[in-house]
Amino acid sequence: MPSPSGPAPSGPTPACPDDGRAAGGAPPADEARRSGYRAVFAVHEFRYVFAAHLLSSLGVVVCELALSVLVFRITASPLLSALTFALGLLPYAVGGTLLSAVADRCPARRVLVVCDLLCALAAAGMVLPGTPVAVLLALRCVLAAIAPVFAGTRAATLGESLGEGELFVLGRSLIRLVNQGAQLAGFAAGGLLLAAVPPRAVLALTAGTFLASALLLRLGTRARPARGGVRGGRGALLGASLGGVRRLLADRRVRALLLLTWLPPAFVVVPEALLVPYAGLLGVGPAGTGLLLCSMPLGAVVAESLVGAFLGPRARARLTFPMGVFAVVPSLGFAARPSLGWAVLLLAATGTGISYNFGVDRWFVAAIPEELLGQAMTVMQAGRMTVMGLAMGLAGVAAEWAPLRVVMPAAGVVGAVCVLAVICEVRRTAPGPDRASAGPVRGGAGPMAGTEK
């Protein structure tokens, strides 16, 4: 990706220089471009992070499924059972706003291990016989509030172990692949386990996955000091978190990139949230419903893998804006009430839009001051999950008043307009004369440009 001309940016030298080894023993950038994902896995520390993320992601998905079944068996209430899934999204706003400073004020490895241990304790609390439903749901909220802090800290750690260039982008891609694959494998494994053992036994297994993840992170990642240094250690956590969020949102460039990470997923989940009633409309039964639900993650996994493996940084950057818009367009096809086969194709095409994240990830991390990187990644993840949860809820409300063939395409129309508007803002805030690439370097335009690191 071409870099804008002008004065050299303030702050540290990029962690992935072309003429030497990157941080954490990563290969040089030109070697990373040639080797793709293999260069990422060549970094010893990333292999441990990847394995830990795989375990914890499977644990979260299986936990959601087992807890939903357990709550339904206790209460026979579809509403409370569905609430277990909703509570996996909405508390992100709390953790991502009030606890976001943890990612930069405390050593990263300590934060990651403690988060996994807290998740293991929450899952263990669900296993105890006689636990009231209210407590079960509260423990689910604990998991959701911890998740953005964990995700933001892990993302910032990738920047330290892989550098902030090509390896970081590919590392983030592999994390997304795990997220999509965990949905497929987690629900399949959870369904098989629930057919053989009680829900509480499955929850006990998920507690084990969190413990295993904590052990991998403790043994396989380096102990690094907190990015915030002395300044990050002063003041109350709440004040530091809110102050950091205000500082991030005060930067026009950062606001535009945050919106670009939040809006496409928010509109993409509208048709996904309505797939169960749409399957009922088609009369395809449980097998057809499962096929519809798997289509979007499958499209995402295929697109993410192909783009990451076969395209270079510039080609992926050029895809960012087109794929960001394309992600919301296939839902227009639901206006024709497509059959099962066509609906599967539309959803798989929607999933391919995930490839727009390659460019956004690189631009975002380059626009953030180093001492706020963990908090910024936490806010990004929390905002994305929160707007997705809100969009799913609004989709359900809209479907109560309008037919599905109106609600699902409407998300595509509104989404395309909103995403195009945000893309224009991202282009306008790109530093340097080459605004077409929209690719900044650290220390670009905005209130954060002169921040001392």
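Since the structure is predicted, the reported quantities are computational estimates derived from the model, not experimental observations. All values below were derived from every heavy atom in this structure, side-chain atoms included, with hydrogens, water molecules and symmetry-related copies excluded.
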Is the shortest heavy-atom distance from the side chain of [X] to the side chain of [Y] under 4.5 Å?
{"X": "M377", "Y": "R172", "answer": "yes"}
{"X": "L143", "Y": "V60", "answer": "no"}
{"X": "M380", "Y": "L257", "answer": "no"}
{"X": "P265", "Y": "V387", "answer": "no"}
{"X": "L112", "Y": "T157", "answer": "yes"}
{"X": "S68", "Y": "R140", "answer": "no"}
{"X": "L177", "Y": "L174", "answer": "yes"}
{"X": "V365", "Y": "D361", "answer": "no"}

Which heavy atom of [X] sits nearest a heavy atom of [Y], and at what distance?
{"X": "A343", "Y": "Y278", "answer": "CB-CE2, 4.2 Å"}
{"X": "L347", "Y": "L292", "answer": "CD1-O, 3.5 Å"}
{"X": "P107", "Y": "R224", "answer": "CB-O, 3.3 Å"}
{"X": "V426", "Y": "R253", "answer": "O-NH1, 2.8 Å"}

Distance-only donor-acceptor hits, side chain of residues 302-312, under 3.5 Å, sequence neighbours excluded:
{"residue": "E304", "atom": "OE1", "partner": "R176", "partner atom": "NE", "Å": "3.3"}
{"residue": "E304", "atom": "OE2", "partner": "S173", "partner atom": "OG", "Å": "2.6"}
{"residue": "E304", "atom": "OE2", "partner": "R176", "partner atom": "NE", "Å": "3.2"}
{"residue": "E304", "atom": "OE2", "partner": "R176", "partner atom": "NH2", "Å": "2.8"}
{"residue": "S305", "atom": "OG", "partner": "V301", "partner atom": "O", "Å": "2.7"}

- request: Run the numbers on E45 and R109 for salt bridge (Lys or Arg N to Asp or Glu O under 4.0 Å), then give the verdict.
  value: CA-CA 12 Å; E45 188 170 358; R109 185 173 71 178; over 6 Å; no
field: Under 3.5 Å donor-acceptor, T320 side chain and A317 backbone
entry: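 It does hold such a pair.
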Under 3.5 Å: donor-acceptor pair, side chain of T261, backbone of L258: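 Here the side-chain-to-backbone pair exists.
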Side-chain polar contacts of residues 118-135 - donor-acceptor pairs under 3.5 angstrom, sequence neighbours left out - could you list them?
{"residue": "T131", "atom": "OG1", "partner": "G125", "partner atom": "O", "Å": "3.3"}
{"residue": "T131", "atom": "OG1", "partner": "L128", "partner atom": "O", "Å": "2.7"}

Sequence-distant partners of [X], side-chain contact (heavy atoms from CB on, under 4.5 Å), two or more places apart:
{"X": "I423", "value": "L260, F321, V325, V419, R427"}
{"X": "A399", "value": "L274, L404"}
{"X": "L346", "value": "P330, F334, P338"}

message: For residues 201-219, which residue pairs pass the side chain to side chain donor-acceptor pair (under 3.5 Å) check, not counting sequence neighbours?
response: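 Checked against side chain to side chain donor-acceptor pair (under 3.5 Å) - neighbours excluded - the pairs reaching residues 201-219 are D116-S213.
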message: Ring centroids only, cut at 6.0 angstrom: are F41 and F50 within range, meaning strictly under it?
response: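 Between F50 and F41, which both carry aromatic rings, the centre distance is below 6.0 Å.
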- prompt: Quick check: are there more than 12 heavy atoms from other residues, nucleotides or ligands sitting under 6.0 Å from CZ of R200?
  reply: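 Atom CZ in R200 is packed in, count exceeds 12.
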query: Looking at CG of L70 and OG1 of T75, how far apart are the two atoms once the value is rounded to the nearest 0.5 Å?
result: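 If I round to the nearest 0.5 Å, the distance is 9.0 Å.
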